[in-house]
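The structure under discussion appears below in the form of structure tokens.
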Protein chains: 4
Amino acid sequence: MNIAFIGLGNMGGKMAQNLLKAGHTVYGFDLSPTAIQEFQTAGGVVSTNPQDAAKHADVVITMLPAAKHVKDVYLGDTGILAVLPEGGLCIDSSTIDPQTIKDIAEVGKSKNIQVCDAPVSGGTVGAQAGTLTFMVGTDEDTFNKAKNILSHMGKNIVHCGDVGAGQIAKICNNLILGISMVAVAEGMALGAKLGIDPEALAGVVNSSSGRCWSSDVCNPWPNISENAPASRGYQGGFATQLMLKDLGLAIEAAGQVKQPILLGGLVQQLYQQRCLQGHAQLDFSSIIQNYLPDEA
Amino acid sequence: MNIAFIGLGNMGGKMAQNLLKAGHTVYGFDLSPTAIQEFQTAGGVVSTNPQDAAKHADVVITMLPAAKHVKDVYLGDTGILAVLPEGGLCIDSSTIDPQTIKDIAEVGKSKNIQVCDAPVSGGTVGAQAGTLTFMVGTDEDTFNKAKNILSHMGKNIVHCGDVGAGQIAKICNNLILGISMVAVAEGMALGAKLGIDPEALAGVVNSSSGRCWSSDVCNPWPNISENAPASRGYQGGFATQLMLKDLGLAIEAAGQVKQPILLGGLVQQLYQQRCLQGHAQLDFSSIIQNYLPDEA
Amino acid sequence: MNIAFIGLGNMGGKMAQNLLKAGHTVYGFDLSPTAIQEFQTAGGVVSTNPQDAAKHADVVITMLPAAKHVKDVYLGDTGILAVLPEGGLCIDSSTIDPQTIKDIAEVGKSKNIQVCDAPVSGGTVGAQAGTLTFMVGTDEDTFNKAKNILSHMGKNIVHCGDVGAGQIAKICNNLILGISMVAVAEGMALGAKLGIDPEALAGVVNSSSGRCWSSDVCNPWPNISENAPASRGYQGGFATQLMLKDLGLAIEAAGQVKQPILLGGLVQQLYQQRCLQGHAQLDFSSIIQNYLPDEA
Amino acid sequence: MNIAFIGLGNMGGKMAQNLLKAGHTVYGFDLSPTAIQEFQTAGGVVSTNPQDAAKHADVVITMLPAAKHVKDVYLGDTGILAVLPEGGLCIDSSTIDPQTIKDIAEVGKSKNIQVCDAPVSGGTVGAQAGTLTFMVGTDEDTFNKAKNILSHMGKNIVHCGDVGAGQIAKICNNLILGISMVAVAEGMALGAKLGIDPEALAGVVNSSSGRCWSSDVCNPWPNISENAPASRGYQGGFATQLMLKDLGLAIEAAGQVKQPILLGGLVQQLYQQRCLQGHAQLDFSSIIQNYLPDEA
């Protein structure tokens with residue numbers, strides 16, 4: 001199958017390589033010469049712009065930083081939808097607001113092109129290993145078509161609903177995640193200050209009603225969760241500035257439908273405070289440092 | 001074994017009955033005639049005051065509403081520690097601040113009486129079924145002695161550390177729980193407003209990093225978690241006013257050691273708002289109603 | 001002087017009438033036929049689009065709902081900057097983010113057109129009476145030129161700094177306002193619940209360190225501040241949805257420079273909650289109803 | 001007049017000296033030898049305990065750290081109410097919860113002793129200069145009697161309502177103050193980060209709807225308010241730990257009547273975070289440092 005891949009960064013580059021390994025022909029585009037170089041070395045065909053990549057393709061996959069890039073790549077005279085043949089399929093794996101992809105899908109529909117959102121979780125590790133989770137928003141038919149391709153890059157392809165539902169699922173999940181991480185940070189720091197052994201406390205919480213991904217898989221207290229960033233100086237993992245971006249999407253989406261998210265509004269600012277303090281690159285679980293005296 | 005049981009309410013009454021079923025002699029005291037009546041019917045020996053119960057006992061168990069009751073029952077001229085023989089064991093299963101039980105244990109130590117805290121989780125259902133979790137704070141020796149008795153009333157007896165550690169574990173767990181429930185409420189309500197099917201959203205969250213007890217076992221959106229209070233009009237479960245009380249303990253304990261808990265401070269007030277609005281008796285997951293338009 | 005006025009809504013319409021009264025010729029444009037009708041009756045010259053108005057003008061004033069409208073009116077082939085002669089002056093009195101007006105001023109500069117931001121406070125009452133406060137961002141020269149015109153519509157023309165500074169001042173003022181109103185609501189509601197007479201409490205606060213515009217001029221408790229919306233059922237005043245919009249601008253601007261605003265992030269959501277509950281049109285001081293039992 | 005003064009610390013000591021200057025005989029008690037020494041030097045009569053002081057007195061004034069000290073001094077066999085003659089007057093100027101003083105007044109009433117609360121504002125500077133504000137809770141008669149004495153120590157004696165109303169007024173005022181200071185900190189820090197001159201911003205805010213005591217008299221940005229702690233390294237002023245204490249009283253009082261104070265709950269924790277970071281002694285306006293990058 002001929003696939004166009006737009007956005008060959010940390011995530012996209014690794015995803016494209018898995019498509020190449022699976023035997024597909026991949027036409028790639030990125031603004032970064034380094035990204036292009038790596039892609040070419042891995043066997044990809046370099047394109048000079050998104051339209052150039054798309055005109056060879058049955059399927060287009062995009063993995064871009066923000067909504068404005070996605071709009072630029074798909075819409076307008078120089079956009080993909082202007083050249084992709086009828087019957088084509090576009091999969092946007094960027095994390096953006098749900099409305100943008102709905103708007104693009106509307107344009108696609110008028111040209112008989114299927115568009116779906118498929119944001120991912122799993123990070124660069126999952127992208128490399130081909131074990132990403134894709135949260136897909138589209139109709140049943142398009143989902144089945146997309147699933148065939150996505151399964152070369154991920155192992156968990158979830159149909160969340162109509163176009164936009166993938167983004168909604170990701171935004172809402174990360175909203176819950178961003179809050180519950182602060183919750184665990186507060187609980188662990190309080191317990192330690194009150195004198196309980198953090199490992200004993202985590203043991204109780206993880207077998208009780210406080211249990212969550214942030215307490216068992218990714219506990220912010222060092223050396224509780226074996227493979228957590230907290231156990232390696234908050235390196236790797238999910239950067240605070242990315243959590244800040246995703247919470248920004250949640251707040252923007254909530255604002256569009258006038259839905260209050262009280263804790264969401266507050267914790268976004270807490271992560272922003274961390275960034276102001278110079279910790280934007282550390283894993284977001286490092287927010288526990290704001291609750292420890294050493295971090296004055 | 002001769003056991004004194006002080007506080008035969010919704011929880012204590014059922015716990016005492018499990019001790020009676022196990023063949024122990026239980027001397028019980030409560031201020032409520034109804035509670036006394038039920039206890040007597042179940043085979044308990046009624047005492048006229050805490051000292052009266054304690055003087056027959058090897059072990060004393062207390063299950064009381066607040067720290068002041070616990071102090072009254074243990075300390076002073078009319079308190080249990082004034083009459084319990086040397087070598088006795090006191091187990092306080094009330095949920096109170098960690099400092100109070102430490103103070104009482106100090107007095108106990110001077111009289112060669114072992115005191116431990118052992119707050120529970122599992123609610124009245126667990127109390128009746130004998131499946132409570134006990135979070136025990138005391139030394140190794142006392143823990144083993146206490147475990148023998150507690151195992152008649154619960155199936156999960158966790159040693160959390162020294163005296164007070166049981167209370168600390170419970171407080172910190174419920175702090176995390178109280179926050180993560182609001183997190184899930186915000187995420188589910190936002191998702192629904194944005195148009196995703198709540199069941200699909202819960203499916204994604206529960207297999208992803210937003211997963212927590214509040215999303216999988218006790219989801220606040222109706223009919224997601226089969227046995228959750230949300231699926232039966234928020235009846236039963238863990239009353240909002242009890243969550244409010246436990247968060248109050250967290251804030252009090254945090255204040256004693258000057259430990260900040262930002263989200264904790266806010267969510268306690270959110271639950272207090274729910275109580276002001278007349279929903280103190282509903283399960284705490286009903287806080288999602290504050291995020292829904294019907295609940296104006 | 002020939003003035004183009006774009007945006008003749010509740011605010012702009014009244015402002016334009018004050019320019020007409022002062023003897024200026026005003027070329028006006030608005031999408032609403034009703035607004036146009038009123039403007040024409042008051043002696044204005046109706047234009048068919050912004051460029052049509054601008055080409056007659058020495059000065060352009062815009063009063064529009066959001067940044068996208070401001071961009072549309074000034075920029076691009078159909079924008080004002082494409083037709084306004086060199087040496088012209090543009091005054092944008094809309095409340096928008098600071099960056100947008102900086103971008104427009106940059107374009108203006110390349111065409112030798114002066115652009116300044118001059119958002120207002122004072123509401124429709126001040127617009128009608130010609131007593132608005134203008135917060136102006138621009139250089140000294142342009143400020144003096146703008147002041148001559150603005151003084152027909154307001155009585156307090158403040159030079160806040162370079163382009164964008166007017167917006168910054170307004171955003172930051174309303175951020176403080178939006179929070180302090182909730183602060184007063186919490187204080188008044190708590191005092192009343194504890195049993196103090198609200199009038200006595202307001203008396204103490206207003207002569208002490210809790211004193212603020214929200215406590216003395218616009219107290220949210222009814223019948224404390226004589227002319228406050230609280231004393232007339234929260235009608236008139238500054239609609240909750242407008243406060244929500246301005247806090248949205250604060251959060252957006254804060255996000256652009258990664259500056260945390262913790263209380264800002266939370267109170268925006270509180271006002272959003274009020275809108276969800278159906279109170280978007282009430283004065284923002286009506287947020288006190290969320291702290292009163294009647295408002296369950 | 002013979003006056004007993006219990007609690008001769010930083011505040012009480014200076015207040016007692018003003019009574020001495022006015023020609024009253026003052027019987028004083030304090031646990032600190034230094035405080036006693038200063039009091040004696042100023043002409044006071046030293047007593048060996050509160051009862052010893054009270055038995056000489058027509059009027060008792062107490063200025064103590066917390067509710068437990070107030071209870072200890074007034075109630076029980078060794079308390080003042082056990083020895084003060086009928087017709088005596090007790091004025092408690094400590095800042096405590098409203099309920100405690102109501103309870104004490106109840107006991108006083110049964111012995112025909114008038115008890116009122118009269119917490120102060122004005123700090124040690126006001127205590128020394130005799131310019132304190134007293135917020136008095138009691139009936140009309142007792143107020144007039146108390147006013148005569150309080151006017152030697154303060155210049156603004158406000159009758160807030162019945163017993164407890166003084167405490168309620170102080171608590172609610174400081175709740176509003178504690179929040180609005182953070183509001184101003186957020187607004188000033190955001191404005192500065194966005195590029196407006198802080199002095200220009202303060203000028204706009206102070207002549208607009210963001211105006212408050214925290215922006216005009218005590219602006220947290222250095223060198224805006226001439227005599228503010230911010231202009232002298234946050235020394236002097238109102239210590240963060242005292243604001244933390246007063247917010248704790250607000251939260252406790254709110255909890256007793258189940259009244260939500262959302263921002264109150266959050267900002268208390270923010271001040272607690274400042275204390276954890278080692279800034280308990282700085283003026284509470286130093287909370288702005290949490291919004292500045294230098295303070296990482």
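Letters A, B, ... are given to chains in the order of the sequence lines, protein chains preceding strands, and every chain is numbered from 1. Note that the coordinates shown come from a computational prediction; the quantities given were computed from them, not determined experimentally.
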Open item on the list: Out of C:V184, C:V217, C:N156, C:V158, return the one with the most heavy atom pairs under 4.5 angstrom to chain D.
Closed with: C:V184

Task: chain C interface, residue from D:L190, D:L266, D:V267 that has the most non-hydrogen pairs under 4.5 Å - done: D:L190

Open item on the list: Shorter than 4.5 Å, heavy atoms on both sides: which option in C:A250, C:A254, C:C212, C:G122 has the most such pairs with chain D?
Closed with: C:C212

- [ ] Under 4.5 Å heavy-atom distance to chain C, tell me which part of D:L175 shows up: side chain, backbone, both or neither.
- [x] side chain

Task: Any donor-acceptor pair under 3.5 Å from C:E186 side chain to D:G264 backbone - done: yes

Open item on the list: Which one wins on heavy-atom pair count under 4.5 Å against chain D: C:G161, C:G164, C:A169, C:A253?
Closed with: C:A169

Task: Neighbour count above 12 (heavy atom, 6.0 Å) for C:K245 NZ - done: yes

Open item on the list: Heavy-atom pairs under 4.5 Å with chain D: which of C:T133, C:D197, C:L201 has the most?
Closed with: C:L201

TODO: Return yes if some donor-acceptor pair links the side-chain N/O of D:Q259 with the main-chain N/O of C:Y291 below 3.5 Å, else return no.
DONE: yes

- [ ] Between chain C and each of D:P98, D:P260, D:A200, count heavy-atom pairs under 4.5 Å; write down the option with the most.
- [x] D:P260

Task: More than 12 heavy atoms from other groups under 6.0 Å of NZ on D:K147 - done: no

Task: D:M181 CE to C:S180 OG distance, which is reported to the nearest 0.5 Å - done: 12.5 Å

Task: Min side-chain heavy-atom separation C:Q99-D:L194 under 4.5 Å - done: no

Task: C:D162, part contacting chain D, at a heavy-atom distance under 4.5 Å - done: neither

Task: Atom group of D:I196 that falls short of 4.5 Å from chain C, counting heavy atoms - done: both

Open item on the list: Counting heavy-atom pairs under 4.5 Å with chain D, which one of C:L262, C:L270, C:N174 comes out on top?
Closed with: C:L262

- [ ] Locate the shortest heavy-atom distance separating C:S121 from D:S208; write the atom from each residue and the value.
- [x] OG-OG, 4.1 Å

- [ ] Could you tell me which of C:A165, C:A183, C:G137 has the largest number of non-hydrogen atom pairs under 4.5 Å with chain D?
- [x] C:A183

TODO: Quick one: pull up CG in D:L263 and CD1 in C:I179 and give me the separation to the nearest 0.5 Å.
DONE: 7.5 Å

Open item on the list: With a 6.0 Å cut-off (strictly less than), is the heavy-atom count around CD of D:Q241, excluding the residue itself, greater than 12?
Closed with: yes

- [ ] Taking the side chain as every heavy atom from C-beta outward, state whether D:K193 and C:I168 have any pair of such atoms under 4.5 Å apart.
- [x] no

Open item on the list: Using a 6.0 Å cut-off, check whether atom CD of D:E106 has over 12 heavy atoms from anything other than its own residue.
Closed with: no

Task: Distance-only polar pair, side chains of C:N173 and D:S209, donor-acceptor under 3.5 Å - done: yes

Task: More than 12 heavy atoms from other groups under 6.0 Å of CG on D:N144 - done: yes

- [ ] Looking only at non-hydrogen atoms, find the nearest pair between C:V204 and D:M135 and report the distance.
- [x] CG1-SD, 3.7 Å

